[in-house]
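Take a look at the structure below.
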Amino acid sequence: MPELPEVETTRRGIETHLINATIKEIIVRNPRLRWPIPVDLSELAANQVILSIRRRAKYLLIELANGTILIHLGMSGSLRVLTEAYPAEKHDHVDLVLSNGTRLRYRDPRRFGAWLWLTGNPLLHPHLASLGPEPLGEQFSPAYLASKLVNKHTAIKQLIMDNHIVVGVGNIYASESLFRARIDPQRSGHSLDSSDISNLVEQIKLTLSEAIAAGGSTLRDYVDSDGKAGYFMINSYVYGRTGQACRICSTPINTIRQGQRATFYCPQCQH
DNA sequence: GTTATTTCCTGTTGGC
DNA sequence: TGCCAACAGGAAATAA
């Protein structure tokens with residue numbers, strides 16, 4: 001399931017193939033994603049030069065002179081670059097075709113993703129305007145997080161997954177970061193002291209940075225790959241390790257549900 | 001304003 | 001072997 005590191009790795013992987021290229025057409029085989037793909041997407045984008053490929057939270061932004069294509073991978077989406085003909089398979093819903101024949105192919109079995117057309121400043125679009133800061137940016141600091149935790153009785157796990165507070169921390173990295181910071185995911189936001197908060201901010205940044213670095217080395221090939229492009233997983237401390245021994249203290253890892261989501265933690269290490 | 005719940009979708013897994 | 005329920009999950013939409 002693509003989290004921020006996967007999206008950033010994807011951005012880097014496709015950027016070199018798309019930047020400054022001209023779009024010939026966009027072939028939509030199935031428009032039924034999270035929202036319908038605009039019927040006129042292809043004619044809007046045709047003959048436009050790709051100026052940049054940026055990322056905001058888990059959204060990818062393909063910027064053209066007359067607008068922006070916004071892509072979200074949902075939870076099962078992936079993008080590949082094809083430099084030669086390759087038959088589309090069942091869940092290959094979209095091809096963005098360049099004038100040189102190269103294709104950006106979108107696959108998404110669960111169709112939780114999105115392809116939308118934005119005009120004007122994409123960062124002001126309703127989907128992006130109310131998002132919190134990027135976790136790897138300077139704006140996401142201990143002082144900032146502390147300001148967001150005042151009077152918050154919600155569990156810290158759910159707070160760091162709230163896009164209004166900080167973006168890009170999904171279910172996997174929320175559990176991992178809290179383990180690495182030795183913080184019990186069930187603690188309420190306001191119960192964290194400044195030391196906890198500094199530690200948590202640092203571990204979120206480190207965990208995500210390491211995953212991006214790992215993704216760059218393990219998934220460098222986004223060209224003509226055989227369909228597995230997109231996902232990778234860090235060697236987790238707690239995620240998915242229910243009942244297995246904690247890598248630090250050997251206590252069995254525990255699972256609970258918070259807000260309909262699985263949370264994994266070590267009851268011995270995390271307080 | 002804040003917080004909790006529901007919804008979107010389908011491939012995979014486990015129980016019977 | 002087949003059937004079916006449960007599960008996974010980001011984030012918008014809706015409810016409380």
Side-chain angles (χ1 to χ4, degrees), chain A residues 1-11 28-38 55-61 70-79 89-94 106-116 118 122-135 145 147-178 185-191 204 208 211 227-234 236 238-243 253 255-264:
Chain A
M1 41 234 81
E3 295 221 24
L4 184 139
E6 285 89 338
V7 178
E8 177 60 22
T9 301
T10 296
R11 190 195 69 75
V28 178
R29 299 185 194 81
N30 185 351
R32 297 185 309 138
L33 301 183
R34 183 174 224 286
W35 304 285
I37 299 176
R55 179 187 60 75
R56 175 72 174 104
K58 295 176 184 173
Y59 294 95
L60 289 169
L61 303 169
L70 175 144
I71 300 173
H72 197 289
L73 300 178
M75 64 174 291
S76 63
S78 62
L79 289 167
E89 295 181 22
K90 184 177 177 184
H91 301 298
D92 293 341
H93 304 311
V94 184
Y106 177 73
R107 173 175 298 182
D108 187 359
R110 275 170 245 186
R111 309 210 315 270
F112 267 33
W115 279 61
L116 295 177
L118 311 186
L123 299 183
L124 299 182
H125 186 274
H127 286 343
L128 305 182
S130 62
L131 293 174
E134 290 288 327
L145 182 59
S147 74
K148 291 293 178 181
L149 299 186
V150 174
N151 291 333
K152 290 289 185 183
H153 288 253
T154 306
I156 186 63
K157 158 80 160 18
Q158 291 165 273
L159 292 171
I160 60 175
M161 289 179 67
D162 183 342
N163 275 338
H164 299 99
I165 295 177
V166 60
V167 301
V169 182
N171 203 39
I172 297 172
Y173 293 102
S175 283
E176 290 297 309
S177 299
L178 284 163
Q186 300 167 101
R187 283 177 60 187
S188 62
H190 77 277
S191 77
I204 288 172
L208 292 172
K228 285 295 286 179
Y231 308 155
F232 55 94
M233 174 68 176
I234 56 171
S236 70
V238 290
Y239 186 82
R241 298 192 69 244
T242 308
I253 298 302
T255 317
I256 56 174
R257 294 195 78 79
Q258 294 181 291
Q260 320 291 63
R261 292 281 125 83
T263 298
F264 301 86

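Residue numbering restarts at 1 for every chain, and letters A, B, ... go by the order of the sequence lines. Remember, it's a predicted structure, so these values are computed and weren't measured experimentally.
Each of B/dT2, C/dA8, B/dG11 was ranked by its minimum atom distance to the side chain of A/K152; first place goes to B/dT2. Picking from B/dC8, C/dA8, B/dG11 the nucleotide with the shortest atom distance to the side chain of A/F112 gives B/dC8. Closest approach to the A/P109 side chain among C/dG10, C/dA8, B/dG11 is made by B/dG11 (side chain taken as heavy atoms from C-beta onward). Each of C/dG10, B/dC9, B/dT3 was ranked by its minimum atom distance to the side chain of A/T154; first place goes to B/dT3.
A/H93 and A/Y106 have tilted rings, their planes meeting at an angle from 30° to 60° on a 0 to 90° scale. By the 30° and 60° cut-offs, the orientation of the rings of A/H153 relative to A/H190 is tilted.
Applying the 4.0 Å criterion to OP1 and OP2 of B/dG11, one finds that A/H91 has a side-chain N or O inside that range. Contact annotation: A/R257 reaches the phosphate of C/dA8 (side-chain N/O to OP1 or OP2, under 4.0 Å). A close approach under 4.0 Å does not occur between any side-chain nitrogen or oxygen of A/Y173 and OP1 or OP2 of C/dG10.
A/R56 places no side-chain N or O within 3.5 Å of a backbone atom of A/L61 that could act as its donor or acceptor partner.
Toward the 5′ end of DNA chain B lies the nearest nucleotide of A/N151, the other residue of the pair A/N151 and A/Q260 mapping further downstream.
Regarding A/N171, its CG atom lies at a distance of 12 Å from the C1' atom of C/dC7, rounded to whole Å.
Among the heavy atoms of the strands, none lies under 4.0 Å from A/R32. If you check every strand for non-hydrogen atoms under 4.0 Å, A/R34 touches a base.
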